[in-house]
Trainee: 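Pasting a structure below so you can have a look.
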Amino acid sequence: MGKYFKDIEKIKYEGPESDNPLSFKYYNPDEVVGDRTMREHLKFSVAYWHTFTAEGTDPFGTGTMLRPWDDIEDPMDKAKARMEAAFEFFDKLGVDYFCFHDRDIAPEGETLAETNKNLDEIVKLAGELMKDYDIKLLWGTANTFNHPRFVHGAATSCNADVFAYTGAQIKKALEVTHELGGAGYTFWGGREGYETLLNTDMKLELDNYARLLHMAVDYAKEIGFEGQFYIEPKPKEPTKHQYDFDAAAVVAFLKIYGLDDHFKLNIETNHATLAGHTMQHELRYARINNMLGSIDANQGDLYLGWDTDQFPTDIYMTTAVMYEVLKAGGFTTGGLNFDAKVRRPSFDSKDLFYAHIVGMDSFAKGLKIAHKIIQDGKFDKIIEDRYESYTKGIGKEIVSGNVGLAELEKYTLENGEIKNNSGRQEYLEWLLNEYILEG
Ligand code: XUL
Ligand code: CO
């Protein structure tokens, strides 16, 4: 039964008829959908910070979570218990991956040397548990936003000592990610932005950010880390304006600084909506630029202006996400990492299971619907027909680069009245409903 989540058995697939909330209704890991099994398509990962480190604090109240390791006083003993509990959780849930920040798994010491020593001890334990349970690291990252030293940013701080500290911390985080065989390493610019332009040298900050990323690329090569680097866009929070605002801003940044060959994007639903985009928009933008790497799976609350990091339950959204993933050819190094937290009043450990189960089932359903949509090809055909004018005549000349403004003028003067066709949006929304409802 395990030591930590004693009243929970291994979660099994019981099918849509089951009324057991501690079972999967749709996520059937070995079921084949198209060219791979659900498990291979979805590559679920648990986010260590939300599920094992977070205590349920908010700006108005202290922690509420009730966890099996609560009574342990010593920070290192607590860190070890959490790590053991985490693997019991992954195993019971049947996920193959996890993600962590350096500071989620081990406490900071008095000095960086002491902090690194703590980290080494916990990483050793994690490595052993990964082998025992056959669990893999989707990506590692460094928390360079929580400690007061990062008050003005990390790589974009006005203080060169903070830049240096950030480099030192990321060096170590890369080493431990490599040691654990991480498939990737993520940069989320937690405080890489500004509060006011009145005190900000934007050019220097952006140049420095790129300098740090280049150093990381160089160091990865030096130690033989071949995992995929990701940047995770987010427009605001904690700072007023984050430099990695959205997919388009990040792609531009990577290209400007010659980093685009080394990075892909880790796109998060709630970050997309905070930037005023749908998740599908962000994924599409990354996909068409060959930069769709991995996904932080959650959902926000459109009535609230902050990052609520809720577990994903919206089937329209999971369908759209899996549509983009399938169109990109499926995940390679990436996966679906539940960067999501249970609500503060959902404080029982059992809630962690309910939350992940509904997320996994929602994505399993989304995968199947998206696969059917793509297989049927109805939407593809409608889009193909919509742009048909570019496959012949003047349209073909435009896309082949054979004409300039003078030729367009000559053509238009002779062309006469223009005829447009309906966009048929409501029909398409009806069609999408049909897929969702028939599921
Ligand atoms: C914060 C966020 C991070 C990153 C990793 O909004 O999403 O947890 O995923 O640093
Ligand atoms: Co995230």
Trainee: Given side chains that start at C-beta, do those of N298 and K341 come closer than 4.5 Å, heavy atoms only?
Mentor: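 SC-SC contact between N298 and K341 ruled out.
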Trainee: For the residue pair T333 / Y230, report whether a side-chain donor-acceptor contact shorter than 3.5 Å exists.
Mentor: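 Distance-only check passes for Y230 and T333.
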Trainee: Assess the pair F90 and Y97: is the distance between their ring centroids shorter than 6.0 Å?
Mentor: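 For F90 and Y97, the ring centres are not under 6.0 Å apart.
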Trainee: Heavy-atom count check: over 12 atoms from other residues, nucleotides or ligands less than 6.0 Å from L405 CG?
Mentor: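 No - once you tally the heavy atoms of other residues, nucleotides and ligands closer than 6.0 Å, there are 12 at most.
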Trainee: Evaluate F229 against L213 for side chain to side chain contact (heavy atoms under 4.5 Å, CB included), listing each step before the verdict.
Mentor: CA-CA 10 Å; F229 277 116; L213 298 182; over 6 Å; no
Trainee: So among D244, D246, D307, which one has a salt bridge (charged side-chain N to carboxylate O under 4.0 Å, His left out) with K234?
Mentor: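 Output: one option passes, namely D307.
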Trainee: Do the ring centers of F98 and F87 come within less than 6.0 Å of each other?
Mentor: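 Yes, close enough.
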Trainee: Give me the ring orientation class for F253 and Y257: parallel if the planes are under 30° apart, tilted from 30 to 60°, perpendicular past 60°.
Mentor: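 F253 vs Y257 ring planes: tilted.
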Trainee: Is there a side-chain contact between H41 and D35, using heavy atoms and a 4.5 Å cut-off?
Mentor: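 With C-beta onward as the side chain, the pair touches.
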Trainee: Look at the side chain of R344 and the backbone N and O of G56, then say whether any donor-acceptor pair between them is shorter than 3.5 Å.
Mentor: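 Checking the backbone N and O of G56 against the side chain of R344, a donor-acceptor pair under 3.5 Å is found.
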Trainee: Flag yes if more than 12 heavy atoms outside Y390 fall under 6.0 Å of its OH atom; otherwise flag no.
Mentor: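 No.
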Trainee: Go through the steps to decide whether F363 and Y26 satisfy the test ring pair (Phe, Tyr, Trp, His ring centres under 6.0 Å), and finish with yes or no.
Mentor: CA-CA 9 Å; F363 267 100; Y26 306 104; over 10 Å; no
Trainee: Using side-chain heavy atoms (C-beta onward) and a distance below 4.5 Å, is K327 in contact with R287?
Mentor: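 Touching, per the 4.5 Å side-chain cut-off.
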Trainee: Do the charged groups of D361 and K365 touch, with an N to O distance under 4.0 Å?
Mentor: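 Looking at K365 together with D361, the answer is no, because their closest N to O distance does not fall below 4.0 Å.
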Trainee: Of all the heavy-atom pairs spanning P21 and D19, show the shortest one and how long it is.
Mentor: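 So the minimum-distance heavy-atom pair works out to CD-O, 3.3 Å.
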Trainee: What do the steps show when you test F44 against F338 for ring pair (Phe, Tyr, Trp, His ring centres under 6.0 Å), and what is the final call?
Mentor: CA-CA 7 Å; F44 289 125; F338 287 115; 5.4 Å; yes
Trainee: Determine whether more than 12 heavy atoms belonging to other residues, nucleotides or ligands lie under 6.0 Å from atom CG of D385.
Mentor: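 It does: D385 CG has more than 12 such atoms within range.
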Trainee: Do T239 and Q242 pair up side chain to side chain, a donor and an acceptor below 3.5 Å, judged on atom types alone?
Mentor: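 On atom types as modelled, these side chains qualify, holding a pair under 3.5 Å.
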Trainee: Determine whether more than 12 heavy atoms belonging to other residues, nucleotides or ligands lie under 6.0 Å from atom CD of E226.
Mentor: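 Open.
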Trainee: Would you say Q280 and T278 are linked by a side-chain donor-acceptor pair, where the criterion is simply a distance under 3.5 Å?
Mentor: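 Their side chains do not contain a donor-acceptor pair, so the 3.5 Å distance test is not met.
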Trainee: Please determine whether a side-chain nitrogen of the Lys or Arg among D91 and K10 lies less than 4.0 Å from a carboxylate oxygen of the Asp or Glu.
Mentor: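 Looking at D91 and K10, the cut-off is met.
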Trainee: Please determine whether ring pair (Phe, Tyr, Trp, His ring centres under 6.0 Å) holds for the pair Y243 and Y209, giving the CA-CA distance in whole Å, both sets of side-chain angles, and the decisive distance to 0.1 Å.
Mentor: CA-CA 9 Å; Y243 290 130; Y209 189 22; 7.3 Å; no
Trainee: Check K136 with D96, please: is the shortest side-chain N to carboxylate O separation under 4.0 Å?
Mentor: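 K136 and D96: not salt-bridged.
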Trainee: Can we say E31 and K368 salt-bridge, meaning some charged N sits less than 4.0 Å from an Asp/Glu carboxylate O?
Mentor: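 Salt bridge flag = yes for K368 with E31.
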Trainee: If only side-chain N and O atoms count, and only distance matters, is there a donor-acceptor pair under 3.5 Å linking E14 with N20?
Mentor: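 Their side chains do contain a donor-acceptor pair, which is all the 3.5 Å distance test asks for.
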Trainee: Are Y4 and E84 close enough that a side-chain donor and a side-chain acceptor fall under 3.5 Å?
Mentor: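 Side-chain D/A pair, Y4 to E84: present.
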Trainee: Between K171 and E175, is there a salt bridge with N-O shorter than 4.0 Å?
Mentor: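 Looking at K171 together with E175, the answer is yes, because their closest N to O distance falls below 4.0 Å.
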Trainee: Quick one: closest heavy-atom pair of M65 and F347, and the distance?
Mentor: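 So the two residues come closest at SD-CA, 3.7 Å.
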